[in-house]
Amino acid sequence: MQDETEDAIAALHALLDRADSIISFTGAGISTESGVPDFRTPGSPWMVNKPIPYDAFVQSRDVRIEAWRRKFTMDDHYRGAAPNSGHRALARLVAEGRSPAIVTQNIDGLHQASGVPADKVIELHGNGTYATCLTCGWRHELDAIRPAFEATGEPPACMICAGPVKSATISFGQAMPQEAMKRAQALALDCDLFLVVGSSLVVYPAATLPVIAKRQGAKLVILNREPTELDPIADLVIRAESGAVLGALPG
C-alpha cells in the first residue's frame with residue numbers, strides 16, 4: 001500500500017509539473033484532517049446540530065434562535081482548527097501563480113487562513129466565519145454577535161436596517177451564489193488540470209465542475225479517501241489522506 005501511494009504521489013507530481021492552470025476543488029475531506037467534522041461520518045456532531053432550512057429560518061424568530069444556538073455549538077466543536085499540510089500545499093500553487101483560484105465546498109475559512117487571498121477562494125456554499133444581513137447584505141462579525149446572543153437570547157438583527165442576520169453559509173433551500181458558480185464554471189472550462197481534494201462529489205451543481213473540466217480536455221485527479229462516482233473518468237485516483245499526499249509534494 002505504501003508503494004502504491006508513493007507511485008500515486010509521483011504520478012500527481014508529474015501531472016502538476018506539466019500543468020499551466022490548476023484548479024483545486026476541495027470538500028470536507030481536506031478539513032476533517034484539521035479537526036473540522038463532516039456531515040456524513042457516523043456520530044458527527046452535525047447529526048445532533050443539523051443545519052436548519054432557509055425558509056424556516058426566515059419565517060420564525062424561535063427557529064432563528066435555535067439556528068444560532070446550533071451554530072455556536074458547532075463552532076465550539078472545531079474552535080482552533082488550523083490549516084493542515086494539504087491546505088498549505090494548495091496555497092503554494094496559488095502563490096506560485098500556477099493556480100488562479102481554489103474552488104471549495106467548505107465553509108470553514110481554512111483556505112484563507114492558509115494564506116490564499118480571499119478573492120482567490122471561490123466559496124460555493126458560503127462561509128461560516130461571519131454573518132450577513134438577509135435584507136441589506138451588511139457583514140456582521142461573530143465576535144460581536146455571540147456575546148449579545150448569549151446575554152439576551154435574542155437572534156441578531158442588522159445594525160444598519162434591523163433585518164434578520166444569518167451565518168454567511170448557504171442553507172438548504174437557499175439560492176446558490178450565482179456569481180461564485182459562474183466563476184467556478186469559467187475556471188473549469190479554462191484549466192488543464194482539475195484537482196479534486198476531499199470531496200465525495202455527490203452535491204450538485206458543484207459536482208458538475210470536474211465533468212466540465214474533463215470534457216474540455218483537462219486532466220482530472222481525484223484525491224479522496226472513499227470512491228466517488230466520477231472515479232471512472234479520472235486520469236488519476238488516489239484514495240488516501242489528502243494532507244499526507246499533498247504534503248509530500250515538493251514545496
Colleague: If hydrophobic clusters are built from ILVMFWY residues whose side chains come within less than 4.5 Å, do L236 and L249 share one?
Modeller: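 Yes; tracing contacts between hydrophobic side chains, which count when under 4.5 Å, links both residues.
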Colleague: Find out if a path of hydrophobic residues (ILVMFWY) with successive side-chain heavy-atom gaps under 4.5 Å connects V165 to V63.
Modeller: no
Colleague: Going hydrophobic residue to hydrophobic residue with side-chain gaps under 4.5 angstrom, can you get from V197 over to I233?
Modeller: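 V197 and I233: separate clusters.
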Colleague: Can you name the side chain to side chain donor-acceptor pair (under 3.5 Å) partners of T132, sequence neighbours left out?
Modeller: none
Colleague: Among S31, S34, S114, find the one that has a side chain to side chain donor-acceptor pair (under 3.5 Å) with N84.
Modeller: S34
Colleague: Between S200 and E226, is a side-chain hydrogen bond (donor to acceptor under 3.5 Å, both in side chains) present by the stated rule, with each step listed?
Modeller: CA-CA 7 Å; S200 55; E226 303 297 329; over 6 Å; no
Colleague: Could you tell me which non-hydrogen atom of P51 sits nearest to which non-hydrogen atom of F172, and how far apart they are?
Modeller: CB-CE1, 4.0 Å
Colleague: List the steps and the verdict of side-chain hydrogen bond (donor to acceptor under 3.5 Å, both in side chains) for K166 and S171.
Modeller: CA-CA 10 Å; K166 176 184 170 296; S171 299; 3.0 Å; yes
Colleague: Below 4.0 angstrom, N of the basic side chain to O of the carboxylate: do E179 and R183 qualify?
Modeller: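 No.
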Colleague: Taking 4.0 angstrom as the limit, do E150 and R146 come out as a salt bridge?
Modeller: yes
Colleague: Hey, quick one: are L246 and L16 part of the same hydrophobic cluster, counting side-chain heavy atoms closer than 4.5 Å, chains of contacts allowed?
Modeller: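 Linked, L246 and L16 end up in one cluster.
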Colleague: Just checking, is any N or O donor in the side chain of D62 or S60 under 3.5 Å from an acceptor N or O on the other one?
Modeller: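 Absent: no donor and acceptor within the cut-off.
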Colleague: Rounded to the nearest 0.5 Å, what's the gap from CZ on R98 to OG on S21? Could you check?
Modeller: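 The OG atom of S21 is 10.5 Å from CZ of R98, to the nearest 0.5 Å.
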Colleague: Measuring from I65:CD1 to F149:CZ, what's the distance to the nearest 0.5 Å?
Modeller: 6.5 Å
Colleague: What are the two closest non-hydrogen atoms of I122 and A101, and how far apart are they?
Modeller: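 For I122 and A101, the tightest heavy-atom pair comes out as CD1-CB, 4.1 Å.
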Colleague: How far apart are the C-alpha atoms of D235 and V221, what are their side-chain angles, what is the distance that settles it, and do they pass the side-chain contact (heavy atoms from CB on, under 4.5 Å) test?
Modeller: CA-CA 6 Å; D235 297 278; V221 176; 5.6 Å; no
Colleague: Taking all atoms of both residues into account, what is the closest heavy-atom pair of A81 and L110, and its distance?
Modeller: O-CD2, 3.7 Å
Colleague: Looking at E229, I want to see if its CD is surrounded by more than 12 non-hydrogen atoms of other residues, nucleotides or ligands under 6.0 Å.
Modeller: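 It does not: E229 CD has 12 such atoms or fewer within range.
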Colleague: So which atom in A213 and which in C191 form the shortest heavy-atom distance, rounded to 0.1 Å?
Modeller: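 In terms of heavy atoms, the two residues are closest at CB-SG, 4.0 Å.
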Colleague: Is the shortest heavy-atom distance from the side chain of W138 to the side chain of C161 under 4.5 Å?
Modeller: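 In short, these two side chains do not touch, never coming nearer than 4.5 Å.
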Colleague: Take L209 and M181 through the side-chain contact (heavy atoms from CB on, under 4.5 Å) test and state the conclusion after the steps.
Modeller: CA-CA 9 Å; L209 294 171; M181 194 64 193; 4.1 Å; yes
Colleague: For S99, enumerate each residue passing the side chain to side chain donor-acceptor pair (under 3.5 Å) test, keeping only those at least two apart in sequence or located in another chain.
Modeller: none
Colleague: Which value, rounded to the nearest 0.5 Å, describes the distance between N106 atom CG and L124 atom CG?
Modeller: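 The CG atom of N106 sits 10.0 Å away from the CG atom of L124.
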Colleague: Could you give me the CA-CA distance, side-chain angles and deciding distance for F194 and K214, then say whether side-chain contact (heavy atoms from CB on, under 4.5 Å) is met?
Modeller: CA-CA 8 Å; F194 195 96; K214 181 68 176 176; over 6 Å; no
Colleague: So do the side chains of I160 and C158 get within less than 4.5 Å of each other, counting heavy atoms only?
Modeller: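 Of all side-chain heavy-atom pairs linking C158 with I160, at least one is under 4.5 Å.
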Colleague: Should V121 and V196 be regarded as members of a common hydrophobic cluster, given that ILVMFWY residues are connected when their side-chain heavy atoms come within less than 4.5 Å of each other, either directly or indirectly?
Modeller: no
Colleague: Hey, could you give me the CG/OG distance between L195 and S24, rounded to the nearest 0.5 Å?
Modeller: 4.5 Å
Colleague: On a heavy-atom basis, which atom in A180 and which in E123 lie closest, and how many Å separate them?
Modeller: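 Closest pair (atom of A180, atom of E123, distance): CB-O, 3.9 Å.
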Colleague: Please find the pair of heavy atoms, one from Q105 and one from G27, that lie closest to each other, and give the distance.
Modeller: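 Here Q105 and G27 meet closest at OE1-CA, 3.8 Å.
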Colleague: State which residues pass side chain to side chain donor-acceptor pair (under 3.5 Å) with D231; sequence neighbours excluded, sorted by chain then number.
Modeller: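 So D231 forms a side chain to side chain donor-acceptor pair (under 3.5 Å) with T228, R239.
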Colleague: Taking D75 first and then K71, would you say they form a salt bridge - that is, a charged N and a carboxylate O separated by under 4.0 Å?
Modeller: yes
Colleague: When rounded to the nearest 0.5 angstrom, what distance separates OH in Y54 from CD1 in I170?
Modeller: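 These two atoms lie 9.0 Å from each other.
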Colleague: State which residue, out of L220, T104, L201, I222, fulfils the side-chain contact (heavy atoms from CB on, under 4.5 Å) condition with F25.
Modeller: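 Among the candidates, only L201 passes.
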Colleague: Do T129 and Q112 come within less than 4.5 Å of each other through their side chains, counting heavy atoms only?
Modeller: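 They are not in side-chain contact.
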Colleague: Counting only heavy atoms not in D17, do more than 12 sit closer than 6.0 Å to its CG atom?
Modeller: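 Counting other residues, nucleotides and ligands, CG of D17 exceeds 12 neighbours.
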Colleague: Between the side chain of R61 and the main-chain N/O of P155, is any donor-acceptor distance below 3.5 Å?
Modeller: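 No: the side chain of R61 does not pair with the backbone of P155.
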Colleague: Can you tell me how far NE2 of H111 sits from CD1 of I102, rounded to the nearest 0.5 angstrom?
Modeller: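 It comes to 5.0 Å.
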Colleague: Between R88 and P83 (side chain of the first, backbone of the second, donor and acceptor by atom type, cut-off under 3.5 Å), is there such a pair?
Modeller: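 At least one qualifying donor-acceptor pair exists.
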